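What follows is a short report on a single structure.
Just so it is clear, the structure is predicted and the values come from calculations on it, not from any experiment. Just the heavy atoms: all of them, side chains too, but no hydrogens, waters or symmetry mates, feed the values below. Order of appearance sets the numbers: ligands from 1, and atoms from 1 within every ligand. For reference, positions follow the sequence shown, starting with 1.
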Amino acid sequence: MDEIPQTAGAAHDEREQILDRAMARHHNSGDALIEILHTAQQLYGYLPAPLLKKIARRLMLPPSRVLGVATFYHLFRLEPLRKHSAVVCLGTACYEAGGTELLEGLRQHPGSGDWSVASGRCVGSCGLAPIVICDGRAMARVTADKLEARLREDHDRGSTGTDAGH
Ligand code: FES
């Protein structure tokens with residue numbers, strides 16, 4: 001996909017103009033890159049590649065620099081949010097307790113299509129490592145089996161239409 005997403009059905013998508021104005025307000029300065037990425041994500045919900053390229057052109061920055069900043073900060077998303085989110089802590093304790101394997105397992109799991117999967121930094125519960133935050137709730141001492149069960153639970157709930165809202 002090579003286009004900046006448009007609002008479905010909207011007669012006129014104003015997001016591009018709002019972003020243009022935000023960049024103009026910052027005199028199209030590369031120094032304002034993080035603020036501009038924030039604005040772009042607020043407008044679009046995430047930062048698709050064509051949008052990053054446009055920002056790079058406008059701020060006269062190398063596209064690799066803009067992509068580098070967008071991927072360095074965990075608060076920026078390069079993909080749209082899905083129905084569920086899982087953030088695998090990769091702080092030292094969680095990393096050593098198998099966080100990377102959990103992250104890879106989640107990303108490759110055939111049942112994770114509804115999940116936005118990301119890594120995060122230490123959340124301060126190192127004694128319970130590894131930690132995975134699923135839909136805002138911390139799971140402690142996570143194993144591949146526990147994650148598997150969590151994915152299955154949501155899949156079953158979705159297929160029976162009995163989501164209790166948590
Ligand atoms: S390293 Fe994961 S909670 Fe601290």
key: For Val123, the ligand 1 atoms whose distance to one of its heavy atoms is below 4.0 Å   = 3 (S)

ask   = If we only count heavy atoms from C-beta on, is the Thr100 to Tyr95 side-chain gap below 4.5 Å?
value = yes

inquiry  = Could you go through Leu103 and Val132, starting from their C-alpha distance and side-chain angles, then the distance that decides it, and tell me whether this counts as side-chain contact (heavy atoms from CB on, under 4.5 Å)?
reply    = CA-CA 9 Å; Leu103 182 64; Val132 179; over 6 Å; no

request  = Kindly confirm whether atom 4 (Fe) of ligand 1 is within less than 2.8 Å of some N/O/S atom in Cys89?
outcome  = no

query = Any idea which atoms of ligand 1 are less than 4.0 Å away from a heavy-atom of Cys122?
reply = 1 (S), 3 (S), 4 (Fe)

inquiry  = Distance check below 2.8 Å: does Cys94 bring an N, O or S atom to atom 2 (Fe) of ligand 1?
reply    = yes

message = With a 4.0 Å cut-off on N to O distance, would you call Lys54 and Asp20 a salt bridge?
response = yes

ask   = Can you list the atoms of ligand 1 that are under 4.0 Å from a heavy atom of Ala93?
value = 1 (S)

message = Looking at ligand 1, is there an atom of it that comes within less than 4.0 Å of some heavy atom belonging to Ser125?
response = yes

query = Hey, does the side chain of Arg58 reach the backbone of Asn28 with a donor-acceptor pair shorter than 3.5 angstrom?
reply = no

query = Just checking, any donor-acceptor pair under 3.5 angstrom between side chains of Asp135 and His84?
reply = yes

